[in-house]
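Here the structure comes first, spelled out in structure tokens, and everything after it is commentary.
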Amino acid sequence: MTWQNWAGTERVTPARVVTPATTDEVAAAVKEASRDRLKVRMIGSGHSFTGAAVAPGVQLRPDRLDGVHAVDRESGLVTVDAGIPLHRLNPLLAGHGLAMEILGDIDRQTLAGAISTGTHGSGAAFGSISTQVRGLELVLADGSVVQCSATERPELFEAARVSFGALGVITKVTLQCVPLYALRAVDAAAPLEEVLDGVDELVAGNDHFEFFWFPHTTTALTRRFQRLPGDTELHPMSRFARTVDDRIVTNIGFEAMLRVGTRFPRLVPGITRFVTTAISARDFTDLAPHVFASERNVRFREGEYFVPRDALVPALRELKRWVDTHDEAVSFPFEVRFVRHDDIWLSPAYERDSAVVAFHQYHRMPHERWFGVCEEVLGAAGGRPHWGKMHRLDASGLREVYPRFDDFVALRDRLDPTGVFANPYLDRVLGPAPEAAPR
């Protein structure tokens, strides 16, 4: 049976599919794959735009690896199976008066998938989801099961929190959660130049700040979140407003307009201007998972780079100049977010507070030229690519921007010298394992 990811950028027909329910079953599947000289990969929910989860050999599916093992409300430590999707984990945590410290803008990913690719939200004081991890259980290439944390196998822990499955199959995760909290969300449009001129103040003045900007327009759509106690009186978005904005305008209506824009690219600038004006201002308060995550039904391609904070505005202005002087029809917005530095070896925010620029294109429209321009500009600004998003770099280019790249590869080579967990994407971004059989 052929598998493909959400965006339709990757597809494969595995030689074997296994749906393990326990760590022991994962270990057995890895040993059997190795015996049969098959590569093995654990997939997530398919929301990575790259080939990280492609499994031509043995595909491990996470559907049954979704249990909750321990919840300590006092300490906030929670241990769960790695295959649980975020949209199921969040209500389970809320039932215990807990929440994840931060989330990204969708909640369809599995926990292991979100960790492994460095999924993040936005807020200068907050790191990626991987920074919330306090312990991991992994199945290594020889089928052995190991635990790692800041005090137990700390080198493995430093690397495995963002490792896109290269070091082993993550089977359990211990998270540091926080007391359940609410967010007041204020969504409003503002002139793009005003936002760029005042971006540092906007980031510093809000617990969470991000903005969207459609090329071909001069307006930014800003989102400001204030963290509030979990017992705050809630004023959620009305069902009518959510239906109009999130379902009709940004999903059904947008899809219909982009299908027209695919046939008539000259209409795309007008479409982006219309969508910018059609999305209404909003002010509502709800529990954090209901605010962070949004519905995403329109398919697209996406790339994303983490750049130093002071490089953001010049890079965006350069990209705007390019759009204004070329005939490229760019149908999707930039999304700009902010992430605190961390110490995870292959985290794009490694030892650097970052502005994160995501660029997109509707899946029916050509993206190669536009993505190439974005990668050139953001790469020249010192950018590091998000591991779950499309990029063109290989091991030689990634070594230049990730200070601990060689340390990570050396650890991979020790743990998986024959490339049990390899696939074409990992061979490209890390280089082949040292004892991998020739293809």
Side-chain angles (χ1 to χ4, degrees), residues 14-44 52-62 64-65 67 69 79-83 110-118 130 133-174 344-347 387 404-423 425-427 429-437:
R16 183 186 304 158
V17 175
V18 181
T19 309
T22 67
T23 298
D24 287 345
E25 290 179 7
V26 172
V30 170
K31 289 177 182 177
E32 188 175 356
S34 183
R35 182 199 67 200
D36 296 340
R37 299 181 182 275
L38 292 172
K39 308 296 185 184
V40 58
R41 300 289 294 164
M42 173 71 87
I43 65 170
V54 170
V58 177
Q59 181 188 75
L60 301 181
R61 295 192 173 181
R64 298 166 63 212
L65 207 64
H69 294 275
T79 300
V80 297
D81 282 335
T110 62
L111 179 57
I115 291 166
S116 297
T117 55
S130 301
V133 175
R134 295 296 177 267
L136 294 171
E137 178 184 83
L138 297 96
V139 175
L140 301 184
D142 61 2
S144 62
V145 180
V146 299
Q147 316 290 327
C148 64
S149 67
T151 57
E152 184 177 8
R153 298 189 69 146
E155 182 183 64
L156 177 59
F157 183 66
E158 289 174 1
R161 285 176 287 165
V162 177
S163 56
F164 36 91
L167 304 180
V169 178
I170 299 174
T171 49
K172 289 187 178 69
V173 180
T174 298
I344 304 169
W345 288 5
L346 288 192
S347 166
W387 294 105
R404 301 300 298 271
F405 183 87
D406 287 330
D407 294 328
F408 185 95
V409 171
L411 180 60
R412 187 280 308 263
D413 290 350
R414 292 199 303 273
L415 294 177
D416 186 15
T418 62
V420 171
F421 297 126
N423 69 5
Y425 176 77
L426 267 70
D427 286 349
V429 300
L430 297 177
E435 299 174 24

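All values derive from a computational prediction rather than experimental measurement. Just so you know, residue 1 is the first one in the sequence shown, and it goes up from there. Hydrogens, waters and symmetry mates are skipped; everything else that's a heavy atom, side chains included, is used.
Legend: residues meeting salt bridge (charged side-chain N to carboxylate O under 4.0 Å, His left out) with Asp413, ordered by chain and number and at least two apart, are absent. Asp24 meets the salt bridge (charged side-chain N to carboxylate O under 4.0 Å, His left out) test with no other residue; sequence neighbours excluded.
The CG atom of Asp36 lies 14.0 Å from the NZ atom of Lys31; values are rounded to the nearest 0.5 Å. Here Leu136 contributes atom CG and Arg153 contributes atom CZ; the two are 12.0 Å apart, rounded to the nearest 0.5 Å. Note: Asp407 CG to Arg412 CZ = 13.5 Å, rounded to the nearest 0.5 Å. Note that OG1 of Thr171 is 3.5 Å distant from CD of Glu137, once rounded to the nearest 0.5 Å. If you take OG1 on Thr23 and CG on Leu138, they are separated by 10.0 Å, rounding to the nearest 0.5 Å. From Ile344, atom CD1 reaches atom CZ of Arg404 across 12.5 Å, with rounding to the nearest 0.5 Å.
Side-chain N or O atoms of Asp416 include none that pairs as donor or acceptor with a backbone N or O of Leu140 at under 3.5 Å. Looking only at distances, a side-chain donor or acceptor of Asp142 sits under 3.5 Å from a matching main-chain atom of Ser144.
For Arg37, the CZ atom is loosely surrounded, since the number of other residues' heavy atoms within 6.0 Å does not exceed 12.
Looking only at side-chain heavy atoms (C-beta outward), Leu415 and Phe421 stay at 4.5 Å or farther from each other. Residues Val139 and Met42 have side chains not in contact (no heavy-atom distance under 4.5 Å, counting atoms from C-beta outward). Counting heavy atoms from C-beta outward, Val58 and Glu32 have side chains that stay 4.5 Å or more apart.
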Q: Kindly indicate, with the supporting measurements, whether the criterion side-chain contact (heavy atoms from CB on, under 4.5 Å) is fulfilled by Lys39 and Asn423.
A: CA-CA 7 Å; Lys39 308 296 185 184; Asn423 69 5; over 6 Å; no

Q: Assess whether side-chain contact (heavy atoms from CB on, under 4.5 Å) is satisfied between Leu346 and Phe405, documenting all intermediate values.
A: CA-CA 7 Å; Leu346 288 192; Phe405 183 87; 4.2 Å; yes

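Smallest separation of non-hydrogen atoms from Thr117 and Val162: C-CG1, 4.3 Å. Closest approach of Val17 to Arg61, counting heavy atoms only: CG1-NE, 3.6 Å. Ala433 and Pro417 get closest at one heavy-atom pair: CB-O, 3.3 Å. Scanning both residues, Pro432 and Asp427, for their nearest heavy atoms gives CA-OD1, 3.7 Å. For Ile115 against Ser130, the heavy-atom pair with the smallest separation is O-OG, 2.9 Å. In this structure, Ala52 and Leu426 approach most closely via the heavy-atom pair O-CD1, 4.3 Å.
For the pair Arg161 and Phe157, the cation-pi test (distance below 6.0 Å, angle within 45°) is passed.
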For a quick test of your reading: what N or O donor-acceptor pairs under 3.5 Å do the side chains of residues 163-170 make, sequence neighbours left out?
unit_1: Ser163; atom_1: OG; unit_2: Ala160; atom_2: O; d: 2.9

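With no hydrogens or angles considered, no side-chain donor-acceptor pair links Thr79 and Lys172 at under 3.5 Å.
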